[in-house]
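The model shown is predicted, which means the values in this text are computed figures rather than measured ones. We name chains A, B, ... by the order of the sequence lines, and we start the count at 1 in each one.
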Number of protein chains: 2
Amino acid sequence: MTSPAVQNYLKAIYTLQENQASVTTSALAASLGVSAASATNMMKKLARAKLARRAPYRGVQLTPRGEKMALEVIRHHRLVELFLTRALAIPWESVHAEAEKIEHVISEDLEDRIAAFLGNPTRDPHGDPIPTKDGRVERLALVSLLELSPGQSATVRRVSDHNPAHLRLLTRLGLTLDARVTVLRREPTGGPLRVRVANTERALDEKLAREIWVAPTPPRPTRRANKNKV
Amino acid sequence: MTSPAVQNYLKAIYTLQENQASVTTSALAASLGVSAASATNMMKKLARAKLARRAPYRGVQLTPRGEKMALEVIRHHRLVELFLTRALAIPWESVHAEAEKIEHVISEDLEDRIAAFLGNPTRDPHGDPIPTKDGRVERLALVSLLELSPGQSATVRRVSDHNPAHLRLLTRLGLTLDARVTVLRREPTGGPLRVRVANTERALDEKLAREIWVAPTPPRPTRRANKNKV
DNA sequence: TTAAAAATTTAGCCGTGACTAAATTTAGTT
DNA sequence: AACTAAATTTAGTCACGGCTAAATTTTTAA
């Protein structure tokens with residue numbers, strides 16, 4: 001049995017690894033809200049257990065075994081999130097915190113039943129991919145809404161699940177999964193991004209826009225061009 | 001926040017108090033599968049926290065506050081059990097173990113939503129009463145099947161949830177909640193109890209019969225007597 | 001190149017909730 | 001009443017996963 005603490009460290013390392021190859025002590029400590037000393041201790045413990053490789057002062061990387069375990073926890077987390085929204089209509093800004101606790105206590109059998117009930121889903125309520133039981137994850141090829149140029153359209157595919165207030169705001173703005181969005185223009189520097197959603201113009205804080213991941217609509221002949229052709 | 005360990009002790013003391021007024025160290029230790037020394041330590045801790053009253057060598061009793069907390073945990077447990085059977089069709093012999101873990105990690109808000117989803121139920125899948133949010137429990141006036149005399153009929157209202165194998169057996173025998181059962185005869189001493197369920201005669205181990213709680217059918221004129229009257 | 005700053009590790013401590021072994025109290029004989 | 005057995009408590013230990021403060025290493029800047 002792996003303790004909740006170990007599971008949380010593995011999960012955090014896995015997530016941080018998506019950006020940097022090696023995860024530093026301070027990044028890990030910050031992400032979990034613990035002291036650097038605590039992070040060092042656990043990194044050593046994970047290395048001893050062959051769940052991570054570690055070089056002193058150089059950070060950690062998950063071994064294949066560690067990654068597998070991280071993915072199991074993440075699978076639990078995301079299945080639970082989706083289950084709570086589907087079975088109890090819990091809003092997407094609340095499921096994360098609940099799943100954070102439940103993920104550590106459900107049995108493999110319960111996981112299987114939840115997955116079956118949900119029809120073996122591939123995405124959680126925030127658009128994050130749900131790893132399969134054998135540890136495969138669909139890598140999403142998305143871009144941040146912030147990276148789109150004025151005039152580009154896109155479909156919302158994933159949003160960060162960490163800030164409930166942001167999620168509530170997104171709901172209010174209509175920026176939920178599969179929503180179509182068009183970038184209008186970018187205010188000077190660090191200013192808000194102006195977008196159109198459901199025929200309404202909205203201003204998005206840069207911080208918020210960064211947390212929205214979209215699939216850009218492939219450029220294609222405009223309606224006007226089509227009309228002319230016909 | 002109360003730790004899972006404390007919650008489990010409170011729950012155990014509450015349950016044991018249904019039989020004896022004061023709960024002994026060894027009863028508590030046995031019920032939780034810990035050493036007597038561990039039980040003593042926790043009993044002291046509960047007394048310090050004013051959740052229980054304790055007299056050395058004399059056992060513990062919950063204070064009103066301790067009882068309230070125990071009932072909250074029990075409410076969580078039973079709501080989760082029922083939710084798992086209703087939402088995921090998990091068999092009654094499996095829900096106990098899952099609920100044992102989940103009960104410690106669900107928020108008040110999630111509890112409320114589960115209760116609402118289930119229509120504020122009063123019984124869990126094993127027939128145990130679900131305490132209300134303000135800590136009221138319906139006391140069940142039931143008798144063990146073992147206490148019925150030959151010829152008596154009754155309705156199954158509650159079964160012990162602790163032994164999955166027993167629960168599977170009860171399912172196979174048709175001894176589920178609300179089943180009608182008639183006692184035929186008792187074998188000499190400690191022998192099996194012979195009963196009729198759904199027109200089939202069954203032999204029940206004494207240990208098993210003791211775990212089945214029933215509401216006896218009030219004695220009333222027999223069908224023959226009625227016929228004669230008419 | 002070297003000094004200062006930042007990051008990391010080490011050392012040592014703490015609370016929790018287990019444990020065993022030994023001491024003590026209570027209960028049950030005879 | 002006194003002795004034995006059973007129950008309980010005390011004493012001391014352990015693993016876990018936090019913490020702070022101090023020491024060390026790495027990085028950055030002068």
Side-chain angles (χ1 to χ4, degrees), chain A residues 1-17 19-62 66 69-70 73 100-101 103-105, chain B residues 1-17 19-62 66 69-70 73 100-101 103-105:
Chain A
M1 238 335 31
T2 313
S3 74
V6 167
Q7 293 182 338
N8 283 334
Y9 274 93
L10 291 173
K11 206 171 38 147
I13 295 171
Y14 179 89
T15 308
L16 292 168
Q17 273 192 354
N19 304 319
Q20 309 117 1
S22 184
V23 173
T24 66
T25 301
S26 38
L28 187 54
S31 138
L32 288 166
V34 299
S35 71
S38 298
T40 297
N41 278 340
M42 186 58 91
M43 285 157 75
K44 284 200 214 167
K45 181 177 170 176
L46 296 178
R48 254 183 279 123
K50 302 258 201 266
L51 297 173
R53 240 182 307 282
R54 176 181 112 97
Y57 297 98
R58 286 286 126 84
V60 277
Q61 274 176 271
L62 294 182
M69 288 184 54
V73 183
E100 211 55 78
K101 297 174 291 176
E103 64 188 9
H104 304 297
V105 300
Chain B
M1 237 341 26
T2 313
S3 75
V6 167
Q7 293 182 340
N8 283 334
Y9 274 95
L10 291 173
K11 207 171 37 145
I13 295 171
Y14 179 89
T15 308
L16 292 168
Q17 272 191 353
N19 303 321
Q20 310 118 359
S22 184
V23 173
T24 66
T25 301
S26 38
L28 186 54
S31 138
L32 288 166
V34 299
S35 70
S38 299
T40 298
N41 278 340
M42 186 58 91
M43 285 158 75
K44 285 199 213 167
K45 179 176 173 177
L46 295 178
R48 254 182 280 124
K50 302 257 200 268
L51 297 173
R53 240 181 307 281
R54 176 181 112 95
Y57 298 97
R58 286 286 128 85
V60 277
Q61 274 176 271
L62 295 181
M69 289 185 52
V73 182
E100 210 55 78
K101 296 175 293 176
E103 66 188 6
H104 304 298
V105 299

Any base atoms under 4.0 Å from B/A5, or only sugar-phosphate, or nothing? Heavy atoms, all strands. sugar-phosphate
Counting heavy atoms from C-beta on, name the nucleotide in C/dA18, D/dT9, C/dT8 closest to the side chain of B/Y57. D/dT9
For the side chain of A/A37, starting at C-beta, report the closest nucleotide among D/dT20, D/dG17, C/dA18. D/dT20
For the side chain of B/T24, starting at C-beta, report the closest nucleotide among D/dG18, D/dT8, C/dC19. D/dT8
Would you call A/L46 and A/M42 a side-chain contact if the rule is heavy atoms closer than 4.5 Å? yes
Here the distance between atom P of D/dG18 and atom CE of A/M43, to the nearest Å, is 14 Å
Which atom of A/N8 lies closest to which atom of A/E100, heavy atoms considered: OD1-OE2, 4.2 Å
With respect to the phosphate group of C/dT16, does any side-chain polar atom (N or O) of B/Y9 fall under 4.0 Å of OP1 or OP2? no
If you find the nucleotide of DNA chain D closest to A/P4 and the one closest to A/R58, which residue's nucleotide is nearer the 5' end? A/P4
Among C/dT9, D/dT20, D/dT9, which nucleotide sits nearest the side chain of A/S35? D/dT20
Distance check needed: C/dG17 P versus B/Q7 CD, whole Å only. 11 Å
Looking at C/dG17, D/dT9, C/dA18, which one has an atom nearest to any side-chain atom of B/A36? D/dT9
Is any side-chain heavy atom of B/L10 closer than 4.5 Å to a side-chain heavy atom of B/V73? no
From NE2 of A/H104 across to P of D/dG17 the rounded distance in Å is 12 Å
Result for 5'-nearest mapping on DNA chain D, choosing between A/M42 and A/P56, is A/M42
Within the 4.5 Å heavy-atom criterion, are A/Q7 and A/E103 side-chain neighbours or not? no
Of the listed nucleotides C/dA27, C/dC19, D/dG18, the one nearest the side chain of B/N41: C/dC19
What nucleic acid atoms does B/T25 come within less than 4.0 Å of, heavy atoms only: base, sugar-phosphate, or nothing? sugar-phosphate
Could you check whether A/T40 gets within reach of a base, just the sugar-phosphate, or nothing at all, counting any heavy atom under 4.0 Å? base
Whether B/K44 contacts D/dT10 is assessed here as follows: a side-chain N or O lying under 4.0 Å from the phosphate OP1 or OP2. Is that the case? yes
So what does A/S26 hit on the nucleic acid, given a heavy-atom distance under 4.0 Å: a base, only sugar-phosphate, or nothing? sugar-phosphate
Atom-pair distance (CG on A/L32; C1' on D/dC19), nearest Å: 15 Å
To the nearest Å, how far apart are A/K45 NZ and D/dA15 P? 11 Å
Any heavy-atom pair between the side chains of B/S31 and B/T15 that's under 4.5 Å? no
Between C/dA18 atom C1' and B/N8 atom CG, what is the distance in whole Å? 14 Å
Side-chain N or O of B/S38 less than 4.0 angstrom from OP1 or OP2 on C/dG17? no
Nucleotide nearest B/R54 when distance is taken to its side chain, options D/dG17, D/dT10, D/dT27: D/dT10
Can you check whether B/R54 reaches B/T40 side chain to side chain, under 4.5 Å on heavy atoms? yes
